[in-house]
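Report on the following structure.
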Protein chains: 2
Amino acid sequence: MSEMDVNDKGRRSASSADVAALAGVSRATVSRCFTDGTSVKGDTRQRVLAAARTLGYEPNLLARMLNKQESNIVAVLTSDFANPFQPALMEALTSGMRAEQLTPLLLKGTSPMESADELIQLALSYRVAAIVVTVLNASQRMIERCFEAHVPLIFLNRVAEDTPATSVCLNSRSGARRVAEIFVESGTTRIGMISGNTGSWTNSMRRGGFRERLDELGHDLLGHIQGDFSYQSGHKAALQLMADFPRLDAIYACNDAMAFGAMDAIRFVRGARVPDDISVVGFDDVPVAAWGAYRLTTIHQPVAQMVEQTIQILKRPDRGLGLSEQVFLYDGHLVQRDTTRPVTLREGESDETTDPAKTDAR
Amino acid sequence: MSEMDVNDKGRRSASSADVAALAGVSRATVSRCFTDGTSVKGDTRQRVLAAARTLGYEPNLLARMLNKQESNIVAVLTSDFANPFQPALMEALTSGMRAEQLTPLLLKGTSPMESADELIQLALSYRVAAIVVTVLNASQRMIERCFEAHVPLIFLNRVAEDTPATSVCLNSRSGARRVAEIFVESGTTRIGMISGNTGSWTNSMRRGGFRERLDELGHDLLGHIQGDFSYQSGHKAALQLMADFPRLDAIYACNDAMAFGAMDAIRFVRGARVPDDISVVGFDDVPVAAWGAYRLTTIHQPVAQMVEQTIQILKRPDRGLGLSEQVFLYDGHLVQRDTTRPVTLREGESDETTDPAKTDAR
DNA sequence: AAAGTTCTTGCAAAGCTGTTCATTTTTTGT
DNA sequence: ACAAAAAATGAACAGCTTTGCAAGAACTTT
């Protein structure tokens, strides 16, 4: 039997055997004291807990996971923290997971276009309970491997078609279509578009939906420049558009960051007015969009609801592995602020044009 | 001996025993094939690797950690993703860690003032290799427990005095002192201050340093309102200051977010000009500070360097446990943009007043 | 009250999966 | 063919949970 080395201080943290020895019980008893739903005499429990406290013992979660063949670690894969709507997403995701006793293991890729395959493999090696992918793609092959390994895969913010994976996602197409409508309705029809990285699912929806609806309404897109979702690219693209099309009267940017860049180019470089000369609409409704300096009209992305849905799935005993419904689509709604000429709103849309105090937190 | 159940598909992922059986070798050999620096005949290695591929086997990292008594997981504790300089920090931290084969386990607290003790305990239970704490406090008692457990603790962005923990931190005091100087030098002396949450180390330095230097220069602080580091609180505080002190000519906000709020209040609610009527200075130099709509004069926080230092520490075999130097202080430098009247700069400070194109990424 | 039945609790041992170390087996060199 | 080197093995270990079993406590039944 293992002798207890009291003097071996700090070498390694106390194990259940140490506690058992000190409390004069077996290791199984110690284990029971630390798992609820088990019966152990109050007397004994006290003794064990006291011993544990003395030795600074807490069960080794690694060993527990190994033994129980179940993990409470969820891999969260992402590539881009700079994306200004990541903070809200991470905030909601980590808080929600913590409430469910899940711990996120953060795996970061280098680029949104990069395949997450390597990261998924890593997550699998850690035998995580589930994998949440957020601004990355994955190969069909890897998605299937996850499924074979019985590890549920949830794509947050993109739809993975024809795969066994679950998707929780904004219906970017419908939001983009709505942007086309308000431009037309407010009488701006010399429209330029600034899109994001090609290859991203999000971008193709935001771009495609807009073009499609504009076409249906009988208008052409005046110009289109591809950016990379960054402020800077929006800034540059707007300058280019204005140079190419002097009579441009509206810009649709596929995310808010590019819209901000475009606005600053319009106002501070070219000295034009928004929306009087050029209207601007973004996409995402990040907190900054409500700030006084921008007050951007944009499509609100219901991040909180989407994350809530994700958490609900993770909460299931099967972590969503046996889900019948594969795709959860959320509709974004228009938030009208001061970068467009006012239009009549539909139900569910919000109007902050007259409420400058309603600036969201930081 | 364990029979191999080939038909037991997907029940659990393949273990080294399965691979061993298929390749006709022992588990020890399989193990050696997956650890470099070991000798195994090329022939055999091929066979094992082939078997592994067939079964989709990858070593269970949890089991490996348990056995080797060493982890490559580092707990990252934080409380506030909304903090606009968190993205840059997380970005640098996760990238740097990944390059060192370390994986961050993300533990989020609920409030910056909250003690991280519970989270640290959780991290300890996962037997992580190290703990990085970023916008949270911890009790003396808990810090010592970490040390007893031989788990290094690094405070990023606050100094933990009189503890065995390491701190990597901005010298907020010197930055704050510099702000006082440029106000005085540019002739603005009716100054209001908007501070952040009391109890945060950062805030007390940013507040204290400013007051101290202002006092040394023979000026009084006209007014002081406490915010909570959010845009909204800055907005509100600025309105209050302007109402209380009509002749106010400068506002120092203890972080950029509050400075933005203050600027918008000054410009869009009160219709005053920045810096002509009121100068504004922030702290952090978050990306938005360079954007055209704000162009905020602020103290740049060398996040990249600080994170780099943190990574260097984590890279050490002892993860920084036996570090002689306990505190790594970094000086922030002034970035002069358009919210202050120009002053002569010192060495190391940057002047972006004449370079509107130099807007940082998103 | 005595005997039978059920509940509680503690114990020993097995299992999860990968690594390591002392050994045995195989290969290589001369 | 013999010593030395190389390769592969078996057993032990890391730290926890779980299960089958046995003993004692509590409760029923006649």
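Computed from a prediction, not measured in an experiment: that's the story for all the values here. Letters go in sequence order (proteins before strands), and every chain restarts at 1. What you see below is based on every heavy atom in this structure, not just the backbone, and it leaves out hydrogens, waters and symmetry mates.
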Does the side chain of [X] reach to within under 4.5 Å of the side chain of [Y], using non-hydrogen atoms?
X: A:L106; Y: A:F81; value: yes
X: A:T166; Y: A:F155; value: no
X: B:T44; Y: B:R47; value: yes

Can you check the [X] [atom1] to [N] [atom2] distance for me, whole Å?
X: B:R27; N: D:dA14; atom1: CZ; atom2: P; result: 15 Å
X: B:R45; N: D:dA8; atom1: CZ; atom2: C1'; result: 13 Å
X: B:N67; N: D:dA11; atom1: CG; atom2: P; result: 18 Å
X: B:Q46; N: D:dA8; atom1: CD; atom2: P; result: 12 Å
X: B:D43; N: D:dA8; atom1: CG; atom2: C1'; result: 13 Å
X: B:R127; N: C:dG18; atom1: CZ; atom2: P; result: 20 Å
X: A:M65; N: C:dT17; atom1: CE; atom2: P; result: 13 Å
X: B:L61; N: C:dC16; atom1: CG; atom2: C1'; result: 15 Å

TODO: Say whether, by atom type as modelled, one donor and one acceptor occur between the side chain of A:R27 and the main chain of A:A17 under 3.5 angstrom.
DONE: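 Checking the backbone N and O of A:A17 against the side chain of A:R27, no donor-acceptor pair under 3.5 Å is found.
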TODO: Could you check whether A:V25 gets within reach of a base, just the sugar-phosphate, or nothing at all, counting any heavy atom under 4.0 Å?
DONE: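 If one applies the 4.0 Å heavy-atom cut-off, A:V25 turns out to touch the sugar-phosphate alone, with no base involved.
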Please state whether the phosphate of [N], meaning OP1 or OP2, lies under 4.0 angstrom from any side-chain nitrogen or oxygen of [X].
X: A:S16; N: D:dC16; result: yes
X: B:K68; N: C:dG18; result: no
X: A:T44; N: C:dG10; result: yes
X: B:R64; N: C:dT19; result: yes
X: A:Q69; N: D:dT18; result: no
X: A:S26; N: C:dC11; result: yes

TODO: Ignoring hydrogens and angles, answer whether the base of D:dA7 and the side-chain atoms of B:R32 contain a donor-acceptor pair closer than 3.5 Å.
DONE: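 Check fails, no donor-acceptor contact within cut-off.
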TODO: Specify the residue among B:Y57 and B:K41 whose closest nucleotide of DNA chain C lies further upstream toward the 5′ end.
DONE: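 The residue mapped nearer the 5' terminus is B:Y57.
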TODO: Please collect all ring-ring contact (aromatic ring centres under 6.0 Å, His included) contacts where either partner lies in residues 40-68 of chain B, sequence neighbours excluded, each pair once.
DONE: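 Qualifying pairs, neighbours excluded: B:F34-B:Y57.
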Open item on the list: For B:L66 and B:T29, find the nucleotide of DNA chain D closest to each by heavy atoms; which residue's nucleotide sits nearer the 5' end?
Closed with: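 Closer to the 5' end of DNA chain D: B:T29.
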